[in-house]
Each structure stands twice: as C-alpha cells, then as structure tokens.
Undergrad: 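Dropping a structure here in structure tokens format, bear with me for questions.
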Amino acid sequence: MPEFIDTLDDLERDRYQKVLRLRARGVNPYPLRSKRTHPLADLRALHERGEDPGEVTVVGRITANRWTGKITFVDIRDGTGRMQLFLRQDNLGEETYKHFLKDYDLGDFVQATGTLFVTKAGELTVTVADIQMLSKAVAPMPEKFHGLTDKETRYRQRYLDLMVNEEVRAVFRARQRVLTAMRAYLDRNGFIEVETPALQPLYGGALAKPFTTYHNELERNLYLRIADELYLKRLLVGMFERVYEISKDFRNEGVDATHLPEFTMMECYQAFGDLSDMMKVVEDIFVECAMAAQGKLQITYGEHEVDLTPPFARVAMRDAILEKTGIDIYVDDSFETLNARIEEKNLRVEPQMNWGKLVEKVFSTYVEPTLIAPTFVIDFPTEISPFAKKKPGDARVAERFEIYVAGAEYGNAFTELNDPEDQWQRFMEQQTNRARGDAEAQQMDDDYVQALKHGLPPTGGLGMGVDRLTMLLTNQHSIRDVVLYPQLRN
RNA sequence: GGCUCGCUAGCUCAAUUGGCAGAGCAAGGCACUCUUAAUGCCAAGGUUCGGGGUUCGAGUCCCUGGCGAGUCACCA
C-alpha cells in the first residue's frame, strides 16, 4: 500500500508537513466544528451602520498574507465577502504567532476571534486574539494576481475557478436568481411544477438526435429525453390546466459556444390558451428574469444594447426573409422552386431535404443574426412544426413563434396541435423523412395519439432555454460559462 | 467530423535563425510592529502534453497520438 504522502508533489508535500506538525502539537488540522458570529459581509454592513459588535468570531479562507516582522495582515474570504485580519505577536503571544507564520498558508480555512478596528490606511480589520485552523489546504491555490485563466482547468476544476474568480461566482448567483424568478412567475400564474420521465421508451417533442441507453432487467432500449413536451401535454388531457417543468434535456449533437449535450429547458403549457398567451408569458419572463439578474431591462450583451421592455416586435418569417434576401417563400413555396431561387440569388445555404427545412436554413443564415431587439418571429413552416396547429387559411405555415434577442433564439411556442388525426398524419410524414435519412425525425408515438383521441383542450405551449437566457442576462458568450460542469469537447 | 491555433515550474507567462530552459506569484530560509500584488536578501523548483523522426545539437523543424480553444457542419 502506498502512503498518501507518496501521491503528493513537492509543493503539496511541503504543506502536508504542516499537517503533521499541527497533529504533533495536538491540533486537529480538520476539526469537526467551527464557530462564526458574523458572515464577513454582515460584519462590514454592521460597521457601516456605526455599530460595534464587540468580540466577533469570523471564518474564511486565507487569500493573502502581508507580514512585516512581528505583525501580519491576512486577507480572508468567506462566501459573503472579504475581511482583513491583523495578527500581532504582542496580542497572540510569541508561540502562537510563530506557529501561525510556520503552519498557515494561502488557501487554508481559519477561524479568528477578535475585535473590529480601522487601520491607518482606513481599512476595516479584525484584530485577532485567537486563531484556529479549520481546514488545512494541502494543494496550493492558483496564483493570486493573474488568477486562473486556463479554460480547461477552469471547467474541469471548477472549484478553483469559483475560489479565485469572484465574477464567476456572481454569474452562477445570477443564474439562480433567473431560475427562481422564472419559477415564481409560473407559480404565481397558476402553473403547477411537475416531473416527467428523463428515461423514455420513445423520444419526442423536438427534432433532435437522442442518447440511447439500455435497461438490463426490462431488456429494452430507452432514450434520454430530448424534450418534455409530449408527457406534459398528456397532463392537460388529464385535466391539469397549467403545468410546467424545468429539467435537463439531452441531445446527441455538436458541442460549441451555444450547445451542450445536456442543457436546461423550461416548458410550460396552458389549457385554453394560444400563441398570444405564450407571447405574454415570454415577455413577462424576460422582464422578471432581467430584473432578478440585473435589476433593469436595458442590458448590454457583447456589442449590443438591448431593451427588454415589452411589447416585443413581431414579424412573419415570410416578411423577414423577403426583406433580407428578396425571396418570397410564399411564391417559391415548393422545395424545387425555392432551391432554384436560392441558387439564382447566389445565396450560400446548405442542402436541405424539404421546403420547411430550407426556409428555416435561409432564415437562420440571413435573418437570425440581424434580430437584435427582442422579436417574435411567427408563421413557421408546418413541415418543421409537427406539434403546432396549422394556420387557418394557410396550411403551409403553423401557429408557432420563436423569440429572438441579440441574434439568437431563446424560446419556441405553439398553439398546440390537438387534432389526433392531424397529429397522426404529422407523425406519418416524419416517418417518411426518417426513411429518407432524416436522423432527427420524430418517432411515431401511438400512445400520444391515443391521449389526443381523449381530447386535449386548445392549448398554448412554450419552451425556453434556461442556459441561453442566463447567458443573455449575465453577458456571457459561452454556454460553458453559465453551466458549472460543462461537457468539454471530444 | 473538417480547418486553424494552443499545451514550457503549483499558477501567470518569456525563451532571437535550431545553440547552456528563464521571470513574477506561490512554496522554503533570513530581516522587518499599520500592510494592500508589502518590501529586501538567499536558496530551491522542469519527462518543455505523450511517442517517434531529422540534426553535432530540438521548447523551437517533421510525423503520430492526447487534451483543449476558435471556426465550419448539425442543433437549442
């Protein structure tokens, strides 16, 4: 059996010697309990109100040491803020002071008892009468001035990133406020939070490639959900009027600055509602989450200034594409003619397999990046909207919108398809696409069609990407910076 | 998956045309009783991501593998 010390590198070994020294003196370097009278931020607030709390006990991680002989200034941080400690040999006694210099390092958690005073330099400081080790750090902290910038280390050892990069902690606090604001809004408006299966015998509710897994006892394949949609709408058949779920979805696709294989989605469904109700929900959620994250609706995202004050603009996909490319998708409303028109206009568009996907591609290439102010894009091709009702009077497009801000999509909503026959036909069309090689085509879901046969009320439904909303509201430009443990490349 | 770029001390970064692998911080020693990236002095710290090749000589050039980043494709 190798010894623990043999696993340590030179720097860690130096520090481990201090663990042994502490133990040799009868001091536990990892005591079971700690004591704290004031979080550091509270202590500072108290002082600013002009109060003197007398003797205080604070805890924190040592982040800097400045020693000048028989006095030492120490910075500690807890989860709330920073505080300077003042250690003086005359106060602590020679032995305790020497032990501090010898055995305490940057990164250690300590507990200090003393009284508040303000230094000559004007900084609020605790004069320490007694100091104890709470948790000895064997591994050294990242460098204090430049911090930790290596992205791989930041993501793989996120605790180091959080430890030294305060702004990173601020992003994740903001993420939590966004989530809480979203939940509070939905709860307040009668939406019931529910949980539906992450392991599904059929995957559906979105056009995406799934992760496949296997249940040994059941001897069958299961899929990690790509969406919650079909399970949630079944609940409305069961007479819940408003439901929502915030959960991880899994899609077996590429990884980049805006895509991770697991991501957080909010989906909500409102019986007796429609597309316009979902627009209201989107506007309200943007407002509430922006206020929670930033306290204002005028936000900066990269080079863009964005005003999230409702009402948001709305534009039909046909009009948006016509304006940016000169192509009228209602004139060129077949796969062949639209393809020909794209070629004629010399547009660079990847080959697609049907009119709907081609429209979507032209849109995402030539329109999406230009949508900076919050904009609802409506009237999506029915072909790429297998769960949305067709628009009355024009079956080519569906009652669907997506919300765009700062050149990116944040949500997707339908007037939900509740006609079981139409839904069955849409599934059949997806089967045709699958047969032609569309890896993202829906699977036929007979059980879902059966549910619709029992009657789904007229319903508005919405899905929003929580990670992306957080990116927008924290001015982060990689999804990895709003997810604590992002899947890395390869 | 394609293309481009990167990987040097615990951390942040240097290293000229291919010519002794360096600095700051951290850690070690000494000095210093109001510091703020404390300061001064001393000493130490390396499989230059792994493997192979070219060369008298490789951190540097070539091949190959690994891990990332950006970008394109797919997608939210």
Side-chain angles (χ1 to χ4, degrees), chain A residues 8-18 62-75 82 84-92 97 101-102 105-107 117-123 125 127 137-157 160-161 163-164 205-209 226-227 249-267 348-352 357 360-361 364-365 368 384 402-404 408-412 438-440 463-469 471 477-480 486 488-490:
Chain A
L8 304 178
D9 65 32
D10 291 349
L11 288 165
E12 291 171 341
R13 205 161 295 183
D14 280 348
R15 284 166 167 248
Y16 183 69
Q17 295 303 333
K18 301 178 186 184
I62 297 175
T63 56
N65 271 321
R66 296 176 290 278
W67 54 89
T68 52
K70 295 182 177 59
I71 64 168
T72 298
F73 291 92
V74 176
D75 289 347
R82 188 190 79 92
Q84 180 168 266
L85 305 181
F86 179 56
L87 280 71
R88 180 155 59 172
Q89 182 174 296
D90 294 351
N91 297 350
L92 287 170
Y97 185 75
L101 291 183
K102 202 129 177 64
D105 288 306
L106 299 193
F117 82 112
V118 175
T119 63
K120 288 175 185 167
E123 179 161 354
T125 300
T127 305
V138 174
M141 289 179 73
E143 197 242 3
K144 66 183 178 185
F145 183 57
H146 296 93
L148 179 69
T149 59
D150 179 69
K151 286 188 177 174
E152 189 176 350
T153 307
R154 285 189 48 221
Y155 299 140
R156 288 196 195 278
Q157 292 177 268
L160 293 178
D161 188 27
M163 189 190 298
V164 298
L207 303 178
K209 292 175 223 157
I226 59 172
D249 287 352
F250 306 87
R251 298 188 184 175
N252 207 339
E253 286 156 357
V255 175
D256 63 27
T258 57
H259 296 84
L260 287 173
E262 59 179 298
F263 62 102
T264 303
M265 177 84 99
M266 186 285 292
E267 290 191 32
R348 291 184 51 213
V349 177
E350 298 300 313
Q352 299 296 321
K357 286 188 180 239
E360 185 181 42
K361 197 67 195 172
S364 66
T365 307
E368 183 172 333
I384 55 168
E402 289 188 346
I403 175 66
Y404 289 86
E409 190 217 321
Y410 293 87
N412 180 20
D438 182 357
E440 292 162 8
M464 290 188 74
V466 173
D467 310 293
R468 290 198 181 167
L469 182 61
M471 287 169 66
H477 296 265
S478 170
I479 194 169
R480 296 182 202 99
L488 299 183
R489 228 174 142 129
N490 285 338

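Everything numeric here is computed off the predicted structure, so don't read it as measured data.
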Undergrad: The criterion is salt bridge (Lys or Arg N to Asp or Glu O under 4.0 Å); which residues satisfy it with Arg154(A), sequence neighbours excluded?
TA: Asp161(A), Asp481(A)

Undergrad: Kindly point out which of G10(B), A38(B), C74(B) is positioned nearest to the side chain of Arg66(A)?
TA: A38(B)

Undergrad: Counting side-chain heavy atoms from C-beta on, which of U36(B), A76(B), C74(B) comes nearest to Phe263(A)?
TA: A76(B)

Undergrad: Given the rule that a pair is Watson-Crick or G-U wobble with both distances under 3.5 Å, how would you write RNA chain B in dot-bracket, using | for pairs to a different strand?
TA: (((((((..((((.....[..))))..((((.......))))......(((((..]....))))))))))))....

Undergrad: Which protein N or O atoms sit under 3.5 Å from an N or O of nucleotides 7-9 of chain B?
TA:
none

Undergrad: If the condition is side-chain contact (heavy atoms from CB on, under 4.5 Å), which residues does Val349(A) pass it with, not counting sequence neighbours?
TA: Ile342(A), Leu347(A), Leu358(A), Lys361(A), Val362(A), Tyr366(A)

Undergrad: Produce the list of close N/O pairs, under 3.5 Å, pairing protein atoms with atoms of nucleotides 11-13 of chain B; give distances to one decimal.
TA:
residue	atom	partner	partner atom	Å
C11(B)	O2'	Glu143(A)	N	3.2
C11(B)	O2'	Gly147(A)	O	3.0
U12(B)	OP1	Thr149(A)	N	3.3
U12(B)	OP1	Asp150(A)	N	3.1

Undergrad: Please work out if Gly254(A) contacts a base, only the sugar-phosphate, or nothing of the nucleic acid, heavy-atom cut-off 4.0 Å.
TA: base

Undergrad: State which residues pass side-chain contact (heavy atoms from CB on, under 4.5 Å) with Asp14(A); sequence neighbours excluded, sorted by chain then number.
TA: none

Undergrad: Which nucleotide in the set G10(B), C74(B), A27(B) lies at the smallest distance from any side-chain heavy atom of Asp105(A)?
TA: A27(B)

Undergrad: Who pairs with Glu368(A) by salt bridge (Lys or Arg N to Asp or Glu O under 4.0 Å), at least two apart in sequence or on another chain?
TA: none

Undergrad: Using a heavy-atom cut-off of 4.0 Å across all strands, would you classify Asp14(A) as base, sugar-phosphate, or nothing?
TA: sugar-phosphate

Undergrad: Could you pull out the protein-nucleic contacts involving nucleotides 29-32 of chain B (nitrogen or oxygen on both sides, under 3.5 Å)?
TA:
residue	atom	partner	partner atom	Å
G29(B)	OP1	Lys102(A)	NZ	3.0
C32(B)	N3	Gly69(A)	N	3.1

Undergrad: Does Phe263(A) have any ring pair (Phe, Tyr, Trp, His ring centres under 6.0 Å) partners at least two apart in sequence or in another chain, and if so, which?
TA: none

Undergrad: Scan nucleotides 64-66 of chain B against the protein and return all N/O pairs shorter than 3.5 Å with their distances rounded to 0.1 Å.
TA:
none

Undergrad: Who passes side-chain contact (heavy atoms from CB on, under 4.5 Å) against Thr258(A), sequence neighbours left out?
TA: Asp256(A), Arg468(A), Met471(A)

Undergrad: For Lys209(A), what residues pass the side-chain contact (heavy atoms from CB on, under 4.5 Å) criterion, not counting sequence neighbours?
TA: Asn252(A), Glu253(A), Ala439(A), Glu440(A)

